[in-house]
Amino acid sequence: MNIGIIGTGYVGLVTGVCLAHIGHKVICVDMDKEKINQLKRGIVPIYEPGLEPLLKKYMRSKRLSFSLSIKEVTQKSTVLFIAVGTPSKKNGDADLSYVENVSRQIAAHMNSYKLIVEKSTVPAETGEKITRTIRLNLPRKYKQGKKASLDFDVASNPEFLREGSAVEDFMSPDRVVIGVQSKKAEELLREIYKPLKTKIIVTNMNSAELIKHASNSFLATKISFINALSRICDKVGADVLKIAEGMGLDKRIGRSFLDAGIGYGGSCFPKDVDAFIRLSEKSGYDFKLLQEVRRINEEQKQFFLKLIEDKLWILKNKTIGVLGLAFKPNTDDIRNAPSLDIISALQKEGAKIKAYDPQAMEKAKDVFHDVAFCKDPYALSKGCDCLLLLTEWDEFKSLNFTKIKNLMRHAIIFDGRNFYANQNMEELGFEYYGLGLGFNTEKSG
Ligand code: UGA
């Protein structure tokens, strides 16, 4: 099928490449000239495992191409996926101006039947707004009062891709959700996803949009639940890792998203929880549970900072080494990463920050100021009063801790992801603090 993808961010690019991989002819469009020029040369502007080889392969076989023209992509495609950003506004609402803008542009260039699919995460009722926007902006010859003489459909098809494993998530999804208004739209989307051989949930657009917001919010709730529990663990001397294991073996609960730490970040959970709270407010429901999920997430970072301050006492002129800046491993994305708040709070207290991340340093250099970026964890450790583990990259598991200990001024580790909890860091000669592991109680001195 001929498919157009509008927006080549994480979601659009992965979707475009993977749709080419399962047999479709795909054109990806973006208004960012530099990005499109890079992509045309086979350069992927993000770090996403497995993406670049596939992109190069399907560019070579001409199943995948890139363009700056929405007109071209609209006229050459039957199905158009909107995958542009929906950032948070100051009041927490999702900013849908890019979605609206793209819808208008698609409408203006339509010359035959099109199925317009929203892929970006959007609040319920956005599909209805897109439908109206398209009808209003069709070329004059296709407009007849409240009706359009040109047939088109709008559908919702939310993505459930995790950064860092997005290609794998696309190819082996737990489910595909499609929200449609017509049989024709359903059939087209079923055909697109047929090669994936997965369960397809068909519903209306509002329900599909809500499935996405509800899924992300529920996962965020699991994280805040375990983080709240980790605080009790610190007070009563219990081990949050064993608790997560004990709870997670119950199939009704499941072990995933029960890793306590410095909380969730990234371009999705914080934004989507905010947008879902706003959507609820507007619909007349006060979603206190989600407000609490958000509060616990913020508090978790404060608690971590308090722990550091408690143990280092005066932060001014202390040298703190940060292992990991990305909001999670296997990505170079630092949007809403806990490292942003944690580093800026420590700098405010006068601490000197050194940092290392396997992939995110290029992006971090544009965002962080007065941070000494180091070439590896050993250069990072040199002269540090403590280390903070903020992202659980695999390569941090097998470090030479004897060497690190000898390089540091004081061998203290604050582990924001409980990554070394099973590694007996005390035996290796470190003063070690995790979150909810039952041995650094809040009252300890
Ligand atoms: C999330 C969802 O998992 C995807 O299904 C969804 O498609 C995507 O948002 C989106 O809406 O586009 P992502 O943000 O890439 O994916 O990453 P996650 O793996 O969900 O992690 C989110 C944050 O939660 C990270 O900061 C991670 O460190 C944190 N986390 C995750 C925890 O603190 N504890 C856990 O147990 C799991």
Side-chain angles (χ1 to χ4, degrees), residues 7 9-15 18 46-49 83-88 94 118-123 157-170 172-177 209 211-230 240-241 243-245 247-248 253-276 293-294 296-301 304 324-342 360 389-393 415-419 434-436:
Y10 282 90
V11 171
L13 196 56
V14 173
T15 303
C18 291
I46 51 169
Y47 175 75
E48 186 61 46
V84 293
T86 53
S88 279
E118 41 168 41
K119 206 39 157 166
S120 313
T121 302
V122 290
N157 169 222
E159 52 83 22
F160 301 100
L161 312 173
R162 287 164 303 170
E163 286 182 26
S165 55
V167 173
E168 203 185 304
D169 287 348
F170 187 98
S172 318
D174 292 335
R175 77 306 205 185
V176 165
V177 173
E209 289 160 342
I211 287 172
K212 173 62 195 262
H213 261 154
S215 300
N216 273 7
S217 299
F218 189 77
L219 291 170
T221 305
K222 273 187 102 174
I223 299 170
S224 281
F225 184 88
I226 200 72
N227 279 337
L229 206 65
S230 78
V240 75
L241 292 176
I243 294 173
E245 188 186 347
M247 287 169 64
I253 299 172
R255 173 64 183 82
S256 62
F257 285 74
L258 287 181
D259 289 322
I262 42 176
Y264 59 79
S267 66
C268 303
F269 285 0
K271 166 176 81 76
D272 293 350
V273 168
D274 280 357
F276 205 22
V293 165
R294 180 170 63 184
I296 293 169
N297 197 55
E298 284 311 303
E299 196 181 71
Q300 206 59 13
K301 284 177 276 194
F304 189 64
L325 297 165
F327 82 99
K328 60 181 278 191
N330 294 323
T331 179
D332 58 353
D333 197 348
I334 50 169
R335 286 177 291 174
N336 281 313
S339 62
L340 292 166
D341 290 339
I342 289 171
L389 184 293
L390 301 189
T391 318
E392 66 279 30
W393 284 94
D415 184 350
R417 299 289 179 186
N418 290 339
F419 192 52
L435 293 165

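Predicted model, so just to flag it, every value in this text is computed and none were measured. Start at 1 and go down the list; that is how both ligands and their atoms are numbered. We count residues from 1, following the sequence as given.
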- Query: Among the heavy atoms of Gly265, does any lie under 4.0 Å from an atom of ligand 1?
  - Reply: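 Under 4.0 Å: yes for Gly265.
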Any N/O pair [X]/ligand 1 closer than 3.5 Å:
| X | value |
| --- | --- |
| Ser256 | no |
| Phe160 | yes |
| Ile223 | no |

To which protein heavy atom is [atom] closest, and what is the distance rounded to 0.1 Å?
| atom | value |
| --- | --- |
| atom 37 (C) of ligand 1 | Phe257 CD2, 3.4 Å |
| atom 3 (O) of ligand 1 | Arg162 CG, 3.3 Å |
| atom 27 (C) of ligand 1 | Phe327 O, 4.1 Å |
| atom 18 (P) of ligand 1 | Lys328 NZ, 3.6 Å |
| atom 1 (C) of ligand 1 | Phe269 CE1, 3.5 Å |
| atom 10 (C) of ligand 1 | Cys268 SG, 2.9 Å |

- Which bit of Asn216 gets closer than 4.0 Å to ligand 1, counting heavy atoms only: side chain, backbone, both or neither?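 Side chain only.
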- Is Tyr10 touching ligand 1 with its side chain, its backbone, both, or neither, if touching means heavy atoms under 4.0 Å apart?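 Looking at Tyr10 and ligand 1, no heavy atom falls under 4.0 Å.
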- Query: In Å and rounded to the nearest 0.5 Å, what is the CZ to CZ distance from Phe269 to Phe257?
  - Reply: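 Between atom CZ of Phe269 and atom CZ of Phe257 there are 4.5 Å.
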- Item | Inter-residue atom distance Glu298.CD - Ser224.OG, 0.5 Å rounding |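 Reported value, rounded in 0.5 Å steps: 9.5 Å.
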- May I ask you to check whether over 12 heavy atoms, not counting those of Phe160, lie within 6.0 Å of atom CZ?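 Yes, the 6.0 Å shell around CZ holds more than 12 heavy atoms from other groups.
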- Who's closest to atom 11 (O) of ligand 1 heavy-atom-wise, of Glu163, His213, Lys212?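 Going through Glu163, His213, Lys212 one by one, Lys212 has the nearest heavy atom to atom 11 (O) of ligand 1.
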- Check each of Asn227, Asp259, Asp272, Thr121 against atom 34 (N) of ligand 1 and report the one with the nearest heavy atom.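 It is Asp259 whose heavy atom sits nearest to atom 34 (N) of ligand 1.
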With a 3.5 Å distance limit and no angle check, can you tell me whether [X] reaches the backbone of [Y] through a side-chain donor-acceptor pair?
| X | Y | answer |
| --- | --- | --- |
| Asn227 | Ile296 | no |
| Lys301 | Asp341 | no |
| Gln300 | Gly261 | yes |
| Lys328 | Glu163 | yes |
| Arg417 | Thr391 | no |
| Asn297 | Tyr264 | yes |

- What class does the angle between the rings of Trp393 and Tyr47 fall in, given that below 30° is parallel, 30 to 60° is tilted and above 60° is perpendicular?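 Tilted: the ring planes of Trp393 and Tyr47 meet at 30° to 60°.
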- Salt bridge check: are Lys212 and Glu209 linked by an N-O gap of less than 4.0 Å?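 Glu209 and Lys212: not salt-bridged.
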- Between Lys271 and Thr86, do the side chains contain an N or O donor and an N or O acceptor separated by less than 3.5 Å?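 Thr86 and Lys271 do have a side-chain donor-acceptor pair below 3.5 Å.
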Using a 4.0 Å cut-off to any heavy atom of [X], which atoms of ligand 1 qualify?
| X | value |
| --- | --- |
| Arg417 | 28 (O), 33 (O) |
| Tyr264 | 23 (C), 24 (O), 26 (O), 29 (C) |
| Leu161 | 4 (C), 6 (C), 7 (O), 8 (C), 12 (O), 16 (O) |
| Leu258 | 36 (O) |
| Glu159 | 7 (O), 10 (C), 11 (O), 12 (O) |

